[in-house]
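Worth saying up front: this structure is predicted, and the values here are computed from it rather than measured. Here is how names work: the chains are called A, B, and so on, in the same order as the sequence lines, proteins then strands, and each is numbered from 1.
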There are 2 protein chains.
Amino acid sequence: MRLVVARCSARYSGRLNAHLPLATRLVLVKADGSVLLHSDGGSYKPLNWMSPPCSLAIGEPDAEAVERGVSQVWTVQHAKSDDRLVVEVHEVLHDSAHELGVDPGLVKDGVEAHLQELLAAQIDLLGGGHTLVRREFPTAIGPVDILARDAAGVAVAIEIKRRGDIDGVEQLTRYLELLNRDPHLAPVRGVFAAQEIKPQARVLATDRGIACVVLDYDAMRGVDDVDSRLF
Amino acid sequence: MRLVVARCSARYSGRLNAHLPLATRLVLVKADGSVLLHSDGGSYKPLNWMSPPCSLAIGEPDAEAVERGVSQVWTVQHAKSDDRLVVEVHEVLHDSAHELGVDPGLVKDGVEAHLQELLAAQIDLLGGGHTLVRREFPTAIGPVDILARDAAGVAVAIEIKRRGDIDGVEQLTRYLELLNRDPHLAPVRGVFAAQEIKPQARVLATDRGIACVVLDYDAMRGVDDVDSRLF
DNA sequence: AGCTGTATGTCGGGC
DNA sequence: GCCCGACGTACAGCT
């Protein structure tokens, strides 16, 4: 990783065209050739960047650029697309390189995928006698989180969210419409399951005959595996 | 802006809980107190971070942490929520500070608004004889991008996206439902126009009788203005 | 301030 | 590799 603090301007062309006026910024060059231009504020998103795979070439400015005070031209070219970032470096204020090695990466806890696993394993939380058909049950417009059957054998489509919002109800509604056209499945009931269900989402779901189930993540995890979880 | 390269581990708790094992990383502290942990690969997104407004406090490790080799504990606390990032610094390999000043920010060019202008000006791309009624045609739930009439005088509501996704089809569907209640307009046809239309969105649109049109931005721009474009 | 739609989104998982 | 949905989405524009 190379850290350069420099007065520079930049131009990006690719999915859009954009331009950064001259100012002092951090230019971060990662081991894979990717480049990030950071200002001293804002969010974690750089002002401009090039994602890997890409290659960095450092060259001399032409006469016109020299006239404008440019000392180096950094061209970062994406390997597959024609995305390109050109940085005109005027003055370098800091330049250091560091060996970081491979990063083990972030370990997350408590996401939707895990909720889905847990509910699939404890499908009778929906009521006694429920059986799992499959997770990620495919439809023409995308997979339903869980398809199950209740004690009476009626198909149940389940949409799982960490936070149950109106979007999730809309999503489930689309799935139900499609699934109910399949004579092997119809009629299909809908269940909207989330750790927390927003009042508006509950109203909409109820209005459409979709049941709401609030999931207790900690309780479900406790049932499923008493051990595990790194922390 | 302060740049620190250090062997460190970190823990984030807030909307989720996450943990970074010990490794060598860049710790970037911005002037507003925000902190970014970057590895030497990946994209522009940090492994972990804290967005402003937040405050950084550097403290001593407790006895147990010293035992594990921790030399400093950096606690970054979000000002409004209870989001918190705790970095345990084991060894500092580089530490430098830099004055960057205010950044003028990125200047963009060429987004959805421009597509809308172009299609309004070239409305016959939808078929000969189409005429523009108006852009941003108002409805109770928001403006339709374009309202037009075809050669036969039938009203056509057009939703424009750069990338045509299912959400866009839903949006247009809501508009069509409302517009079709207006006896002066009904029946209203729907057209979903985008530079790229996802297969699932196309399936849903077609199923609802909405036509799909793929827009060639470069060709449309070429027709509309041979000159212009700042760069 | 809350809501909505966009994003050079990025990221991870299934097929 | 494509396609799709989640994300600590972030962010800008508008009501």
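What separates CD of Glu170(A) from C1' of dT4(C) is a distance of 14 Å, to the nearest Å. Note: CG (Asp103(A)) to P (dC11(C)) measures 13 Å, nearest angstrom. The CD atom of Glu159(A) sits 13 Å away from the C1' atom of dC4(D) (whole-angstrom rounding). Gln195(A) places its CD atom 10 Å from the P atom of dC7(D), with the value rounded to the nearest Å. When rounded to the nearest whole Å, the span between CG of Asn48(B) and C1' of dC11(C) equals 15 Å. Regarding Leu47(B), its CG atom lies at a distance of 16 Å from the P atom of dT10(C), rounded to whole Å. Put simply, CD1 on Ile160(A) is 13 Å from C1' on dA6(D), counting in whole angstrom units. Between the NE2 atom of His19(B) and the P atom of dG8(D) there is a distance of 17 Å, given to the nearest Å.
The side chain of Lys45(B) contributes no N or O atom lying less than 4.0 Å from OP1 or OP2 of dT9(D). Side-chain nitrogen and oxygen atoms of Gln171(B) include at least one within less than 4.0 Å of the OP1 or OP2 phosphate oxygen of dG5(C). Contact annotation: Ser51(B) does not reach the phosphate of dG8(D) (side-chain N/O to OP1 or OP2, under 4.0 Å). Considering only side-chain N and O atoms, Arg162(A) lies nowhere under 4.0 angstrom from the phosphate OP1 or OP2 of dG5(D). An OP1 or OP2 oxygen of dC11(C) is reached within less than 4.0 angstrom by a side-chain nitrogen or oxygen of Ser43(B).
Nearest-nucleotide mapping onto DNA chain D: of Tyr175(A) and Trp49(B), the residue sitting toward the 5' end is Tyr175(A). For the pair Met50(A) and Gly42(B), nearest-nucleotide mapping onto DNA chain C gives the more 5' position to Met50(A). Nearest-nucleotide mapping onto DNA chain D: of Ile166(B) and Lys80(A), the residue sitting toward the 5' end is Lys80(A).
A 6.0 Å sphere centred on CZ of Arg135(A) holds more than 12 heavy atoms belonging to other residues, nucleotides or ligands.
Although no hydrogens or angles enter the test, the distance criterion places no donor-acceptor pair under 3.5 Å between the side chain of Asp83(B) and the main chain of His78(B). Of the possible donor and acceptor atoms, none in the side chain of Tyr12(A) sits under 3.5 Å from a partner among the backbone N and O of Trp49(A). One N or O on the side chain of Arg25(B) and one on the backbone of Cys8(B) form a donor-acceptor pair closer than 3.5 Å. Counting only distance, with no hydrogens or angles, the side chain of Lys30(A) and the backbone of Gly41(B) share a donor-acceptor pair below 3.5 Å. Within the 3.5 Å criterion, the main-chain N or O of Cys54(B) finds no donor-acceptor partner in the side chain of Gln77(B). Judged purely by atom type and a 3.5 angstrom limit, Arg149(A) has no side-chain atom pairing as donor or acceptor with the backbone of Val133(A).
The separation of dA7(C) from dA6(D), taken at their C1' atoms, amounts to 15 Å, rounded to a whole angstrom.
Residue ring and nucleobase are not stacked for Tyr44(A) and dG8(D) under a centre distance beneath 5.5 angstrom and an angle between planes beneath 30°.
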Check the interface with nucleotides 12-15 of chain C: list each N/O to N/O pair with the protein under 3.5 Å, or write none.
| unit_1 | atom_1 | unit_2 | atom_2 | d |
| --- | --- | --- | --- | --- |
| dC15(C) | OP1 | Arg134(A) | NH2 | 2.8 |

Margin query: I'd like to know whether Arg181(A) forms a salt bridge (Lys or Arg N to Asp or Glu O under 4.0 Å) with Asp207(B), so could you lay out the CA-CA distance, the side-chain angles of the two residues, the decisive distance to 0.1 Å, and finally the verdict.
Written below: CA-CA 13 Å; Arg181(A) 292 185 196 168; Asp207(B) 183 68; 3.0 Å; yes
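No engagement by Leu106(A) is indicated, since no non-hydrogen atom pair under 4.0 Å with the nucleic acid exists.
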